[in-house]
Amino acid sequence: EDTPPYCIALNKDNWEHWNAYYQSEVNAIRWLKDYQRNDYNISIINYWNIIKSRNGYLPAEFFPTQKLININPNTATHLCSSYIFFDKYSYVNLKDSYFYSIVLADLDKIYSSGDAKIYLSSK
């Protein structure tokens, strides 16, 4: 049968087969949950007022909504003190975005698994 375009894997043995979150993405969020400073927020690429992006759903399972900050990479010019989570599919070519040249290019990458990256903005 064809694989559904998006779903949640119930069996960890076929996690990546089902196009849900890769284990390395989940590990990145768990790492962030364990090591994040409580006074920092979690920034995510999300174009809407409510979380509707794949990049935002995973952090929303681990952090309260008030700690999540939506970033529109076409208009964002700065960040408050926060961690920035990127999953495997960011839906934007960040290196070509305004956000990358103004904000992300100067930040420190503090976690990388290949499928997920976490940057730190301490400005």
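Keep in mind it's a predicted model, so treat the numbers as computed, not measured. The figures that follow rest on heavy atoms only: side chains count, while hydrogens, waters and symmetry mates do not.
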Student: Closer than 3.5 angstrom, by distance alone: can the side chain of Asp87 be matched with the main-chain N or O of Asn55 as a donor-acceptor pair?
Tutor: yes

Student: Hey, is CD on Gln66 packed in by over 12 heavy atoms from elsewhere, all under 6.0 Å?
Tutor: yes

Student: Is it true that the NZ or CZ of Lys117 lies under 6.0 Å from the centre of Phe85's six-membered ring and within 45 degrees of the ring axis?
Tutor: no

Student: Could you tell me which non-hydrogen atom of Ile44 sits nearest to which non-hydrogen atom of Gly56, and how far apart they are?
Tutor: CD1-CA, 3.4 Å

Student: What about the rings of Tyr119 and Phe86, do their centers lie closer together than 6.0 Å?
Tutor: yes

Student: Does Tyr83 reach the main-chain N or O of Arg37 with its side chain, forming a donor-acceptor pair under 3.5 Å?
Tutor: yes

Student: Under a 3.5 Å distance rule, please check whether Asn46 uses its side chain to pair with a backbone N or O of Ser53 as donor and acceptor.
Tutor: yes

Student: What are the two closest heavy atoms between Ile29 and Pro59, and how far apart are they?
Tutor: CD1-CG, 3.8 Å

Student: Would you say Asp39 and Ser81 make side-chain contact, with heavy atoms under 4.5 Å?
Tutor: no

Student: At their closest point, which heavy atom of Ala60 faces which heavy atom of Ile51, and how far apart are they?
Tutor: CB-CD1, 4.1 Å

Student: Can you tell if the side chain of Ile118 reaches within under 4.5 Å of the side chain of Ile84, non-hydrogen atoms only?
Tutor: no

Student: Is Cys80 close to Tyr40 at the side-chain level, that is, under 4.5 Å between some pair of heavy atoms?
Tutor: no

Student: Do you know the tightest heavy-atom contact between Ile110 and Leu120?
Tutor: CG2-CB, 3.9 Å

Student: Can you tell me how far OG of Ser121 sits from CG of Leu104, rounded to the nearest 0.5 angstrom?
Tutor: 9.5 Å

Student: Return the CG to CG distance between Asn72 and Asn70, rounded to the nearest 0.5 Å.
Tutor: 9.5 Å

Student: Test your reading of the model: is there a side-chain donor-acceptor pair from Lys33 to the backbone of Phe63, 3.5 Å cut-off?
Tutor: no

Student: So if you build clusters from Ile, Leu, Val, Met, Phe, Trp, Tyr with side-chain heavy-atom gaps below 4.5 Å, do Ile69 and Phe62 land together?
Tutor: no

Student: Which heavy atom in Ala28 sits nearest to a heavy atom in Tyr111, and how many Å separate them?
Tutor: CB-CE2, 3.4 Å

Student: Looking at Glu25 and Arg54, is there a salt bridge between them, counting it only when a charged N and a carboxylate O are closer than 4.0 Å?
Tutor: yes

Student: For Ala116 versus Ser24, what's the shortest heavy-atom pair and its separation?
Tutor: CB-O, 4.2 Å

Student: How many angstroms lie between atom CD1 of Ile42 and atom OG1 of Thr65, to the nearest 0.5 angstrom?
Tutor: 12.5 Å

